[in-house]
Amino acid sequence: MAPPHRPLDREESFPQLEERVLERWRERDVFAESVRRREGAPPWVFYEGPPTANGRPGSHHVLARVFKDIFPRYKTMRGHYVERKGGWDCHGLPVEIAVEQELGFTRKSDIEEYGIAAFNAKCRESVFTYLEDWNRLTERIGFWVDLEHPYRTLDDDYVESVWCALSRLHEKGLLYEGHKVVPYCTRDGTTLSSHEVAQGYKDVEDPSVYVKLPLLDDDAQLLVWTTTPWTLVSNAATAVDPELTYVRARAGGDVYVLAEAAVERVLGEDAEVLESFPGRALEGRRYEAPFPYLAADAYGPRGHTVLLGDFVSADDGTGIVHTAVAFGEDDYRLGQQYGLTVVNPVRLDGTYDERIGPYAGRWVKDADADLVEDLRARGRLLRSERYLHAYPHCWRCGTPLLYYAKPSWYVATSQLRDKLLAANETVTWHPPHIKHGRFGKWLENNVDWAISRERYWGTPLPVWRNAAGETVVVGSFDELRERSGADVGDPHRPYVDEIEIPSPTGGEPLRRVPEVIDVWFDSGAMPFAQWGAPQHDEDRFERNFPADFVCEALDQTRGWFYSLLAISTLLFDRAPYENVVCLGLLTDDEGLKMSKSRGNIVVPWEVIDRHGADAFRWYFFTTKQPWDGYRFSVETVGESVRQFLLQLWNTYGFHVLYANVNDVDPDAAAGPAGDLDRWVLSRLAATVETVRERMDAYDATTAGRAIAAFVDELSNWYVRRSRRRFWDGDPAAFATLRTCLVTVSRLLAPFTPFIADEIYDNLDGTEPSVHLTDFPEVGGVVVRDEALECAMDTVRETVRLGLAARGQAKLKVRQPLRAAVVVAAGAERAAIDRLADVVRDELNVKAVRYVSEADELGSFEIKPNYRALGPRFGKRMPLVAAAVAALDPAVVSGILRDGGAVGISVEGEEHRLASGDLQLAMQPLEGYRLEREGSHAVALEVELDAALVREGWVREAIHAIQAARKAAGLAVEDRIVLTLDGDPELLSAVREHEAAVAAETLAVTVSYGRDGSDPHAAAIDGRELSVWVARAPSR
RNA sequence: GGGCGAUUAGCUCAGUCGGUUAGAGCGCUUCUCUGAUAAGGAAGAGGUCCCAGGUUCGAGUCCUGGAUCGCCCA
């Protein structure tokens, strides 16, 4: 007859086990089946934030993917229909850069020369360079997501959905063209992303000049400071802080206007302050520009006047800021606010145009020195210095970047700021501080979203127009076909660029603008674009909107979390997600960010091959709350294996071993359950409650830790205390342990899906997989008995105290003692009495005796319970403490144990203190073997008589025989023929307890005298014992 | 420069509503238990709860300022 359960293969590692489980999932099609079985059930919606597959997946992707996995698995088991459509972000600069590097391109014009069609074809291939790596890793870590039908932002349907969204925004008047100040490389002719800018900072020396701007209606001069003299030719205005204090100050015969805080630093100690006033007093004052090439009215009515700006600081410079609208973010915003005309006298190649007279044609940064000399010659320079600062350079060619106002398309998100904030209010964030912190603050400071990019590989901006300003924003391929008469093939550049739309008024044909759109708009459109809605499957979109759950790393607050919210709010006036889990960053074990250059990246396969995917997952779920980041290494994952997975696995192995040895029928009716069984099932029920409650709150950490705590109790208390019942084949014990293990496997299924399924499959197997079962509920045999749990806590505490007392007395546990004396009364005593067997066994004592009064063992001391009395007495607490200290502990402890109350007098008033108001602690008397905790204590009777000593010897002998069994390589169920020799008194003790020795060691015969072979030798209490064991013939 | 977060034992992390002796695991020392375990138990060493003020009868916890680290923005 086959054993009830598959025996464990002790050679198999966790990674090998997982590969085998993966194979079983494939055979049984478990993922698809788990979704299929919930068809028609209430949906629970997850959105996959699409990664880009043009780089290899790293450990931080494992973090995101396991958290994206656990909650959908959980919700599926809770009865929801959880579709999980995978997705890939396909467009964008990172892809282009990878291709440029592959082709050895160094400038943007290389792409045009190579041909956009060919370049984009390369990009299309490059996107999926590492698709296989991603798919393999995704499967291996057990992330269940539909990778066979993923959405891809480059697909025609997807692009069309994005066009539709843009056209609706246009209809709502939310799409417009403006200028954006961007970092620009004049050599490559390219705008750089912030990520690229961050790569290229270099410390350089630039001129630092203080320039005088004479006021037109006054003899004073404004002082401004700049490190980019080349922008002075297009000075449009100056800005001051309305709240800051400014002064007129005389120095060296001239009168200047500047911030009070800057006077000494800029003008020196001798400057004489003539007058002070707030910045707002300067508003509208006219001044003479530093260079004459562009007149004030070129900028409009506010040209060359003083304006008020919120970005002005007096910390460096003069507190008056030179503003060149085309060359700075703040400058541009200020210009917008005051209606300044954008005048940019610098060509795209970085040279001045003809408006700048003698400097025309010169590269602007090379003109700095001559411009400064020019100022000096005209008496307009106060001071010129060299200034060392970090300035961004092109990471490709090293050219200093210019900040440059360029035409750009915007989505007017700031008009709907209040709606964005209202939508955010409906979202539950994990951790909560993101909501009104990082994300909320970001929304409050919302500025319009610049969505166009002067690039090639992206969703083309669907705007067609002609020089006359006739503009069409196309919302679908059909619409483009109707308007242009041309078929739309590939909607990417350059093909779509070739389609012309005839002018409705018979003018010039409309051509598409050259830009593509920000990839964040692509991914933010996924709620509908993943289905190709609204062109297709509009109902599918509606069923799957909004998402119940999204989960990404913290840096996505400005990325995907924002783009999803913005698009959804603009189009549908509501948040696209209800719960968001933010994940922190991974650092190495020294807290440093992982980076290629530092060489401290942990490749996920190292972790998986060494410890397995379950260990990887468990580490991420339980080691800490996920949003604070992880200090991470291959070794730390190993700890989570040792602490939890091995403990679980060994408990499971124990069950399989003895169930097979005893041929336990898993379906047989169990006998009556004992207190230990009821206790462990109650603990299981408590665990189920906690796990459900915490998982419903998206708190996998606390949920997982609760499971670990239960497995620890199961292994180190339930099994430990019940071993004899398993040896004896007690059906109630097997039924209880099996219930616990199978329930744990279902609790663990979302966390560690491999080991959970293996345990379930071997111990239960009713369903093809644990992932097709329902999540555990409390009820049936798994019920709570809180009184029993409480009693067991008391018992475990008693045992702990007793073992500590043994340790103090240096008495081995194998030496039986006559009695443990427990100080306990009332409920405590009843609890210990109910489970006295456990205490006797664990402490190896013949009896447990009780004393209600501790007087014979120690004395009490009493202390006020501050937590209870603090609120009642407030600042009189020190008086209360003094009054309590004056009470007689012996008397008070007696009164309180009988449920009485004592009185104290504080400031002439009487107060009654009951047992909850005071804390009793026991102070051991000198010379007793006593361990105490609060009002509870255990003492041991340490006197030994001859009988106890002989019993102790027998326990030692049994231990020696077991060691011999193990050394002989016997299986736990093997019967033996036992031969003993040695010290006569020792042997006589063994003879006296021979039946017990034989039963404990599974000896069919015991004989005395020498055997021929080498014995297993032991020394007990200085007495020799020789042991021979041989496997007995089977019955 | 602004915003957000973090800082507790050698390491990884808990610490509830503010409550008087700040915990766990790993690691270390000593002892111990073992008929599943790479496990378990006991004792010990190990702490400026980042710093400084403040509020309070009482602060790891609340407030202010600062330091360091990280992320985002400028």
Check the phosphate of [N] against [X], side-chain N and O only, distance under 4.0 Å to OP1 or OP2. Yes or no?
{"X": "A:Tyr652", "N": "B:A36", "value": "no"}
{"X": "A:Arg631", "N": "B:U12", "value": "yes"}
{"X": "A:Lys441", "N": "B:A74", "value": "no"}
{"X": "A:Gln962", "N": "B:G35", "value": "yes"}
{"X": "A:Lys875", "N": "B:C57", "value": "yes"}
{"X": "A:His959", "N": "B:U34", "value": "yes"}

- Message: Is it the case that B:C17 (base atoms only) and A:Arg867 (side chain only) share a donor and an acceptor within less than 3.5 Å, ignoring hydrogens and angles?
- Response: no
- Query: Do the rings of A:Trp618 and A:Phe644 sit parallel, tilted or perpendicular, given the 30° and 60° boundaries?
  - Reply: parallel
- Between A:Phe726 and A:Phe654, how do the two ring planes meet: parallel, tilted or perpendicular, split at 30° and 60°? perpendicular
- Would a line drawn from the ring center of A:Phe632 to the ring center of A:Tyr619 be shorter than 6.0 Å? yes
- Note on the structure: Here the helical stems involving RNA chain B, each at least 3 consecutive Watson-Crick or G-U pairs closer than 3.5 Å, sorted by first residue number, are B:1-7 with B:67-73, B:10-13 with B:23-26, B:28-32 with B:40-44, B:50-54 with B:62-66
- Message: Please report the distance separating the P of B:C50 from the corresponding atom of B:A6, rounded so that it comes out in whole Å.
- Response: 12 Å
- Task: Using modelled atom types only, decide if a donor and an acceptor are shared between the side chain of A:Asn424 and the backbone of A:Lys435 within a distance under 3.5 Å.
- Result: yes
- Note on the structure: Heavy atoms of A:Ala960 and A:Ala1018 approach each other most closely as CB-CB, 3.8 Å
- Item | A:Ala964 versus A:His1016, closest heavy-atom pair with distance | CB-CG, 3.6 Å
- Message: Tell me whether A:Tyr658 and B:A36 count as stacked here, given that the ring centres must be under 5.5 Å apart and the planes must differ by less than 30 degrees.
- Response: no
